[in-house]
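Numbers here simply count residues along the sequence, with the first being 1.
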Amino acid sequence: MAKKQANNRKPQAAATTAEQAPMTLKDMLGEAALAKLKQAERDLKNEVERAAQEEQEARRREKEEREKNKSFGELLDEYDKKSGGKFS
């Protein structure tokens with residue numbers, strides 16, 4: 001009967017190790033470290049978003065400068081293309 005009890009104990013031990021086996025990164029890391037990682041992710045996302053907005057703003061400013069600095073000939077050509085004006 002001692003052998004039967006020993007055999008019964010092995011599946012229970014296997015079940016407890018099977019429950020512990022699927023540890024995730026969240027389980028391994030402490031709460032503080034996980035919070036720092038999440039904050040770093042948010043900061044990076046904000047940084048990328050801010051850089052994209054700055055780039056878009058720079059493009060808008062460049063376009064305004066080009067519009068402002070067009071010569072009379074360029075404006076006339078543009079007018080002709082848009083409306084098929086009398087100078088075409």
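- Contact check on Arg50 versus Glu54 returns a salt bridge, with a Lys/Arg side-chain nitrogen under 4.0 Å from an Asp/Glu carboxylate oxygen.
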Lys82/Glu78 under salt bridge (charged side-chain N to carboxylate O under 4.0 Å, His left out): CA gap, chis, key distance, verdict | CA-CA 6 Å; Lys82 284 184 183 176; Glu78 194 174 285; 3.7 Å; yes
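- Scanning both residues, Lys70 and Glu74, for their nearest heavy atoms gives CA-OE1, 3.2 Å.
- The CG atom of Asp43 lies 14.0 Å from the NZ atom of Lys38; values are rounded to the nearest 0.5 Å.
- The CG atom of Leu37 sits 10.5 Å away from the CZ atom of Arg42 when rounded to the nearest 0.5 Å.
- Among Glu62, Gln56, Glu64, the one residue that satisfies the side-chain hydrogen bond (donor to acceptor under 3.5 Å, both in side chains) test with Arg60 is Glu64.
- Looking at Lys68 and Glu65, a side-chain N of the basic residue comes within less than 4.0 Å of a carboxylate O on the acidic one, giving a salt bridge.
- One distance of note links CG of Leu75 with CD of Glu67; it measures 7.5 Å at 0.5 Å rounding.
- Between Glu57 and Arg61, at least one side-chain N (NZ, or NE/NH1/NH2) sits under 4.0 Å from a carboxylate O, which counts as a salt bridge.
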